[in-house]
Amino acid sequence: LWLAAALPQLTSLQELHLKACCDMSGSCLAAISSLTRLTSLELGGGFTNMQPPLQQALQQQLLLRVLRLQYNEEEPVLDLSMLTQLEDLVAAIQPGRTVLPPQLKRLRATNYKSVGDLSALTQLEDLTAAIQPGQSVLPPQLQSLRVKNLVEDDGLAVITQLQQLRRLR
């Protein structure tokens, strides 16, 4: 509770990294809403029933360029489209349900669900994700790809379409 009370006082704060240090389900996330100068936010552990308060906290983060989220429970469905400066995202993605901002440059999907259609991410250069032939559509400008689960030969068809790919892991 002391952290939730202190955060609104830190009006110049640009980076915030909280990992399992407080209950993120309410007061901490509400306090994060008041930090409108954040450019980097990392939240890990301690999440319970977090979708509504997290979505509300992110609505105010218009300068956010880096967002890293680690969950202890089912990943929330988030709309990140209002984060027009966001370039780097590390989070579990709900394919077809998580709304990603089109200017995203780096995406590390931490879950093992296929990422689905990412063709709208016209600036995406670096991707770490599970991909599945027939479901995953990757943007052609992708330069770096780390595949988490590709075991089928059909997956090669997805990769060979990436003409600008420089790094495959």
Side-chain angles (χ1 to χ4, degrees), residues 1-113 115-130 138-139 141-146 148 167 169:
L1 293 175
W2 65 269
L3 183 60
L7 282 175
Q9 310 302 314
L10 305 173
T11 56
S12 297
L13 197 62
Q14 293 181 347
E15 288 188 27
L16 179 61
H17 301 255
L18 297 176
K19 289 191 175 188
C21 63
C22 64
D23 177 13
M24 297 290 180
S25 64
S27 57
C28 271
L29 287 172
I32 289 170
S33 295
S34 67
L35 303 174
T36 58
R37 294 187 182 189
L38 285 180
T39 59
S40 179
L41 177 61
E42 182 173 348
L43 300 175
F47 291 128
T48 57
N49 292 327
M50 59 166 292
Q51 183 170 335
L54 179 60
Q55 184 69 60
Q56 186 174 5
L58 292 174
Q59 295 289 338
Q60 306 303 317
Q61 303 307 321
L62 301 181
L63 300 177
L64 204 59
R65 290 193 310 262
V66 176
L67 178 60
R68 293 186 172 100
L69 300 172
Q70 180 184 13
Y71 318 111
N72 286 346
E73 60 178 39
E74 177 77 19
E75 58 270 3
V77 176
L78 295 174
D79 180 351
L80 304 176
S81 61
M82 84 300 279
L83 301 177
T84 59
Q85 304 297 312
L86 191 65
E87 295 180 346
D88 190 339
L89 174 63
V90 176
I93 303 298
Q94 289 275 3
R97 298 176 65 200
T98 300
V99 180
L100 300 171
Q103 77 284 351
L104 206 58
K105 291 184 179 181
R106 284 170 299 285
L107 172 60
R108 181 172 165 225
T110 57
N111 53 344
Y112 282 88
K113 295 177 183 173
V115 289
D117 187 352
L118 298 179
S119 60
L121 302 180
T122 58
Q123 297 181 38
L124 190 66
E125 298 173 353
D126 189 350
L127 174 64
T128 299
L138 305 182
Q141 76 279 359
L142 205 60
Q143 295 178 15
S144 178
L145 175 62
R146 178 177 288 184
K148 291 176 143 186
R167 206 174 10 223
R169 298 174 267 173

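These numbers were taken from a predicted model, which means no experiment stands behind them.
Residues Q61 and L38 approach most closely at OE1-CB, 3.2 Å, considering heavy atoms. Pairing each heavy atom of L63 with each of R37, the nearest pair is CD1-CA, 4.0 Å.
Atoms CD and CZ, on E87 and R65 in that order, are 7.0 Å from each other to the nearest 0.5 Å. Between the CG atom of L41 and the CG atom of L35 there is a distance of 8.5 Å, given to the nearest 0.5 Å. The structure places CZ of R146 at 4.5 Å from CZ of R169, a figure rounded to the nearest 0.5 Å. Within the model, atoms CD1 of I93 and CG of L80 stand 7.0 Å from one another, a figure rounded to the nearest 0.5 Å. Summarising the geometry, atom CZ belonging to R167 is positioned 6.0 Å from atom CG belonging to D126; distances are rounded to the nearest 0.5 Å.
Side-chain contact between L10 and L16 is absent, with no heavy atoms from C-beta onward closer than 4.5 Å. You'll find the side chain of L58 reaches within 4.5 Å of the side chain of L67, heavy atoms only. For the pair V90 and T128, the minimum side-chain heavy-atom distance is 4.5 Å or more. Proximity of L54 to L69: side-chain heavy atoms (C-beta onward) are separated by under 4.5 Å at one or more points.
Atom CD of Q141 sits in a crowded spot, with more than 12 heavy atoms from other residues, nucleotides or ligands closer than 6.0 Å.
Looking at residues two or more places apart in sequence or on another chain, you find a side chain to side chain contact (heavy atoms under 4.5 Å, CB included) between P8 and A31, S34. Every residue meeting the side chain to side chain contact (heavy atoms under 4.5 Å, CB included) condition with S81, not counting sequence neighbours, appears here in chain and number order: D79, V99. The side-chain hydrogen bond (donor to acceptor under 3.5 Å, both in side chains) search around T36 returns none, not counting sequence neighbours. Taking S40 as the reference, nothing meets the side-chain hydrogen bond (donor to acceptor under 3.5 Å, both in side chains) condition, with sequence neighbours excluded. Annotation: side chain to side chain contact (heavy atoms under 4.5 Å, CB included) contacts of R97 (sequence neighbours excluded): V77, Q94.
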Begin with the C-alpha distance, continue with both residues' side-chain angles, and end with the deciding distance and a verdict on side-chain contact (heavy atoms from CB on, under 4.5 Å) for L18 and L3.
CA-CA 10 Å; L18 297 176; L3 183 60; 3.6 Å; yes
Does the pair L118 and L142 meet the rule for a side-chain contact (heavy atoms from CB on, under 4.5 Å), with working shown?
CA-CA 10 Å; L118 298 179; L142 205 60; over 6 Å; no
Could you walk me through whether Q59 and S33 pass side-chain contact (heavy atoms from CB on, under 4.5 Å), step by step?
CA-CA 8 Å; Q59 295 289 338; S33 295; over 6 Å; no
Listed pairs under 3.5 Å, donor-acceptor, residues 101-110 side chains, sequence neighbours left out:
residue	atom	partner	partner atom	Å
Q103	NE2	L83	O	2.6
Q103	NE2	T84	O	3.1
Q103	NE2	L86	O	3.1
R106	NE	D88	OD2	3.4
T110	OG1	A92	N	3.1

